[in-house]
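Input: a single structure, listed below in structure tokens.
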Amino acid sequence: MSEKKNVLKDKSFSFAIRIINLYKYLTAKSEYVLSKQLLRSGTAVGALVRESQNAESKADFVHKLAVAQKKCDESIYWIELLSHTDYLTFTEYESINNEATEILKIIRSIIITAKNK
């Protein structure tokens with residue numbers, strides 16, 4: 001297992017925890033629709049990263065990470081939308097958006113590396 005893969009596994013798991021806590025915070029503010037979408041996409045990232053570790057082939061590995069990439073980018077969309085509709089302060093938005101963007105960059109890097117091997 002490569003070092004980057006472990007970093008991604010840890011970061012995506014921590015991100016899922018943050019997403020779950022954000023979901024709790026948003027539902028306490030009576031926001032249910034956007035927060036549910038974010039909960040689904042944000043927690044899917046880590047699950048797909050875990051699935052990729054048990055891929056049946058290089059193509060399967062890349063495919064699972066590609067789906068994780070899509071879910072991560074979708075999460076960024078929901079985070080942006082929550083920020084622009086005043087459910088998140090700029091500081092809250094910036095913190096979680098930076099984390100999601102970092103994960104997205106790691107996933108993209110791993111996909112490019114895997115495709116080039």
Side-chain angles (χ1 to χ4, degrees):
M1 209 177 303
S2 73
E3 188 175 313
K4 278 190 177 182
K5 203 168 182 187
N6 286 334
V7 169
L8 179 58
K9 179 181 166 185
D10 295 344
K11 285 186 179 291
S12 61
F13 187 77
S14 294
F15 181 68
I17 291 169
R18 282 193 74 183
I19 292 296
I20 291 166
N21 289 330
L22 179 55
Y23 174 77
K24 291 176 189 177
Y25 168 76
L26 291 167
T27 55
K29 292 174 82 171
S30 298
E31 198 308 300
Y32 301 102
V33 178
L34 301 177
S35 59
K36 187 67 159 191
Q37 295 283 60
L38 178 59
L39 179 68
R40 288 179 178 151
S41 63
T43 56
V45 176
L48 287 158
V49 166
R50 289 282 180 101
E51 280 186 48
S52 74
Q53 293 177 330
N54 298 301
E56 296 174 8
S57 64
K58 184 170 103 173
D60 188 37
F61 173 77
V62 169
H63 174 72
K64 284 179 177 18
L65 284 183
V67 177
Q69 176 180 281
K70 289 178 186 180
K71 291 298 177 181
C72 192
D73 200 32
E74 179 186 344
S75 298
I76 291 170
Y77 171 78
W78 295 121
I79 291 164
E80 288 174 359
L81 196 55
L82 286 162
S83 174
H84 284 76
T85 54
D86 299 323
Y87 282 104
L88 296 177
T89 66
F90 179 74
T91 305
E92 292 166 336
Y93 160 76
E94 193 173 42
S95 174
I96 198 158
N97 185 65
N98 288 345
E99 188 173 349
T101 301
E102 182 181 1
I103 291 167
L104 185 61
K105 287 177 182 178
I106 293 169
I107 293 170
R108 285 182 178 159
S109 176
I110 292 171
I111 290 170
I112 290 168
T113 301
K115 283 182 176 180
N116 289 333
K117 284 188 177 181

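The first residue in the sequence is number 1, and the count goes up from there.
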For Ser30, does its backbone N or O pair with a side-chain atom of Thr27 as donor and acceptor, under 3.5 Å? no

Are Ile17 and Ile96 connected in the hydrophobic side-chain network, where two residues link if heavy atoms are under 4.5 Å apart? no

How far apart are the C-alpha atoms of Lys36 and Tyr32, what are their side-chain angles, what is the distance that settles it, and do they pass the side chain to side chain donor-acceptor pair (under 3.5 Å) test? CA-CA 6 Å; Lys36 187 67 159 191; Tyr32 301 102; over 6 Å; no

Do any N or O atoms from the side chain of His63 and from the backbone of Ala59 form a donor-acceptor pair under 3.5 angstrom? no

Minimum heavy-atom separation for Gln69 to Ile111, with atom names? OE1-CD1, 3.5 Å

Do Tyr25 and Leu81 sit in one hydrophobic cluster, given that two such residues count as connected whenever their side-chain heavy atoms are within less than 4.5 Å of each other, even indirectly? yes

Under a 4.0 Å threshold between the charged nitrogen and the carboxylate oxygen, would Glu74 count as salt-bridged to Lys71? yes

Begin from the C-alpha positions of Phe61 and Leu65 and carry the test side-chain contact (heavy atoms from CB on, under 4.5 Å) through to its verdict. CA-CA 6 Å; Phe61 173 77; Leu65 284 183; 3.4 Å; yes

Closest approach of Ile79 to Leu88 (non-hydrogen atoms, all atoms of both residues): O-CD1, 3.9 Å

For the residue pair Glu92 and Tyr87, what are the closest heavy atoms and their distance? OE1-O, 4.2 Å

Say you draw a straight line from SG of Cys72 to NZ of Lys105; how long is it, rounded to the nearest 0.5 Å? 11.5 Å

Taking all heavy atoms of Val62 and all of Ala114, pick out the closest pair and write down the distance. CG2-CB, 3.8 Å

I need the Ser95 OG to Phe90 CZ distance, nearest 0.5 Å. 11.0 Å

Within a radius of less than 6.0 Å around NZ of Lys58, do more than 12 heavy atoms belonging to other residues, nucleotides or ligands occur? yes

Decide whether Ser75 and Ser41 meet the rule of one side-chain donor and one side-chain acceptor closer than 3.5 Å. yes

Under 4.5 Å between side-chain heavy atoms, counting indirect links through other Ile/Leu/Val/Met/Phe/Trp/Tyr residues: same cluster for Leu22 and Leu104 or not? no

Taking Ser14 for the side chain and Asp10 for the main chain, is one N or O donor matched with an acceptor at less than 3.5 Å? yes

Using a 4.5 Å cut-off on heavy atoms from C-beta on, say whether the side chain of Arg50 contacts that of Phe13. yes

From CD (Glu102) to NZ (Lys11), nearest 0.5 Å: 3.5 Å

Is it true that a side-chain atom of Ser52 and a backbone atom of Val49 form a donor plus acceptor pair closer than 3.5 Å? yes

Once rounded to the nearest 0.5 Å, what's the spacing between atom CG of Leu34 and atom OH of Tyr77? 8.0 Å

Rounded to the nearest 0.5 Å, what separates atom OG1 in Thr85 from atom CD in Glu80? 11.5 Å

Minimum-distance pair of heavy atoms, taken over all atoms of Ile76 and Ala100: CG1-CB, 3.6 Å

Do Ile107 and Phe15 share a hydrophobic cluster (ILVMFWY, side-chain heavy atoms under 4.5 Å, transitive)? yes

Can you tell me if Asn98 uses its side chain to pair, donor with acceptor, with the backbone of Glu94 under 3.5 Å? yes

Arg18 meets the salt bridge (Lys or Arg N to Asp or Glu O under 4.0 Å) criterion, sequence neighbours left out, with Glu99

Check whether Glu31 reaches the backbone of Val33 with its side chain - one donor and one acceptor, N or O, closer than 3.5 Å. yes

Taking every heavy atom of Leu48 against every heavy atom of Lys64, the minimum-distance pair comes out as CB-O, 3.9 Å

To the nearest 0.5 Å, what is the distance between CG (Asn97) and CG (Leu82)? 11.5 Å

Does the side chain of Ile110 come within less than 4.5 Å of Ile106's, by heavy atoms? yes

Should Val67 and Val45 be counted in the same cluster of Ile, Leu, Val, Met, Phe, Trp and Tyr side chains packed under 4.5 Å apart? no

